[in-house]
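What follows is a single structure, written as structure tokens, with notes after it.
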Amino acid sequence: MGKHQSLRHSDSTPPPKFCYLYRQQVETMDSSVSGKKSSENEIPTFNIENMQSNMKVIYYSRTFMSIIGGVIAGILGVNGLMGFVIYCLVMAITSVCLTAKAGFSIHSYFDTWNRVLLDGFLGGLLSFVLFWTFAYDIVHIF
């Protein structure tokens, strides 16, 4: 019973904020013996849990924004290719907002710029089209 309560509690929590990728410095035996720290011997390592958490935030944000964009496009009565232009515009705005949320220091939270700019770009397209046609049908046909 306690196990089910903890599952319900974790499902009701909002998606996490961006988490820093942890970087550790690895020293060689030579640098520890001589007492000098060399920048040549630093090896950056990433915390995979934080990376996955950050990617979840991106996917949640893109899915939510594609649903909102689809509803807005449907209510406005957008037809044809103009709807896909609106989708590209919404995804571009989402990328800028995610970059701003990361404080414009992408490499502190992600390994490449592509994670923020391109990942999940096409994943929200089906949600956008679904809610676009649904809102269009409700407002303009029925």
Side-chain angles (χ1 to χ4, degrees), residues 1-32 35-142:
M1 184 152 173
K3 182 178 179 182
H4 295 290
Q5 289 175 350
S6 65
L7 288 176
R8 269 190 247 133
H9 177 67
S10 65
D11 291 340
S12 65
T13 58
K17 297 179 181 180
F18 286 139
C19 301
Y20 281 107
L21 296 178
Y22 295 117
R23 297 179 187 265
Q24 297 175 347
Q25 295 179 355
V26 178
E27 299 178 19
T28 62
M29 290 289 279
D30 296 334
S31 63
S32 63
K36 297 179 184 177
K37 290 184 179 178
S38 172
S39 62
E40 299 171 359
N41 297 328
E42 294 178 3
I43 300 172
T45 57
F46 298 110
N47 186 339
I48 194 69
E49 290 87 13
N50 286 354
M51 178 69 84
Q52 289 173 346
S53 174
N54 293 345
M55 293 309 296
K56 282 182 186 177
V57 171
I58 286 181
Y59 286 122
Y60 290 150
S61 301
R62 288 200 185 274
T63 302
F64 178 75
M65 289 304 294
S66 63
I67 290 170
I68 296 298
V71 169
I72 290 171
I75 290 172
L76 294 177
V78 177
N79 289 324
L81 293 177
M82 191 62 178
F84 294 105
V85 170
I86 288 177
Y87 176 73
C88 291
L89 182 67
V90 166
M91 289 297 108
I93 291 170
T94 303
S95 294
V96 169
C97 290
L98 288 170
T99 305
K101 183 178 179 180
F104 298 101
S105 62
I106 297 300
H107 294 292
S108 297
Y109 301 100
F110 303 98
D111 55 349
T112 63
W113 278 91
N114 291 339
R115 298 275 188 202
V116 176
L117 298 179
L118 300 176
D119 276 1
F121 187 81
L122 293 177
L125 184 60
L126 293 176
S127 298
F128 176 82
V129 171
L130 175 70
F131 282 91
W132 176 25
T133 56
F134 182 68
Y136 183 86
D137 288 346
I138 288 176
V139 173
H140 297 284
I141 294 179
F142 298 119

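Just the heavy atoms: all of them, side chains too, but no hydrogens, waters or symmetry mates, feed the values below. For clarity, every value in this text was computed on a predicted model and none was experimentally measured.
Within the 3.5 Å criterion, the main-chain N or O of Tyr60 finds no donor-acceptor partner in the side chain of Thr63. Counting only distance, with no hydrogens or angles, the side chain of His107 and the backbone of Thr112 share no donor-acceptor pair below 3.5 Å.
Looking only at side-chain heavy atoms (C-beta outward), Met55 and Phe110 come within less than 4.5 Å of each other. For the pair Val116/Tyr109, no side-chain contact is recorded, criterion being any heavy-atom separation below 4.5 Å from C-beta on. Put simply, the side chain of Tyr136 reaches to within 4.5 Å of the side chain of Asn79, judged on heavy atoms.
Between Met82 atom CE and Leu89 atom CG the span is 8.5 Å, to the nearest 0.5 Å. To the nearest 0.5 angstrom, Leu76 atom CG is 6.5 Å from Ile86 atom CD1. With values rounded to the nearest 0.5 angstrom, Ile58 atom CD1 is found 10.5 Å from Ser53 atom OG. Atoms CG and NZ, from Asn54 and Lys101 in turn, are 9.0 Å apart once rounded to the nearest 0.5 Å. Annotation: the span from Thr99 atom OG1 to Leu117 atom CG amounts to 5.5 Å, rounded to 0.5 Å. The distance from the OG1 atom of Thr133 to the CD1 atom of Ile138 is 9.5 Å, given to the nearest 0.5 Å.
Under a cut-off of 6.0 angstrom, the local environment of CG in Leu81 is sparse, with at most 12 non-hydrogen atoms contributed by other residues, nucleotides or ligands.
In terms of heavy-atom proximity, Ser105 sits nearest to Ala102 at OG-O, 3.2 Å. Annotation for Ala135 and Gly74: closest pair CB-CA, 3.9 Å, computed over non-hydrogen atoms.
Residues forming a salt bridge (charged side-chain N to carboxylate O under 4.0 Å, His left out) with Asp119 (at least two apart in sequence, or on another chain): Arg115. In this structure, the side chain to side chain donor-acceptor pair (under 3.5 Å) partners of Ser95, at least two apart in sequence or on a different chain, are Arg62. The ring pair (Phe, Tyr, Trp, His ring centres under 6.0 Å) check on Phe84 picks up Trp132, with sequence neighbours excluded.
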Can Ser61 and Leu98 be said to form a side chain to side chain contact (heavy atoms under 4.5 Å, CB included), step by step?
-> CA-CA 8 Å; Ser61 301; Leu98 288 170; 3.8 Å; yes

I would like to know whether Leu126 and Leu130 meet side chain to side chain contact (heavy atoms under 4.5 Å, CB included); could you show each step before the answer?
-> CA-CA 6 Å; Leu126 293 176; Leu130 175 70; over 6 Å; no

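Checked against the 6.0 Å centroid criterion, the rings of Tyr87 and Phe121 qualify as a close aromatic pair.
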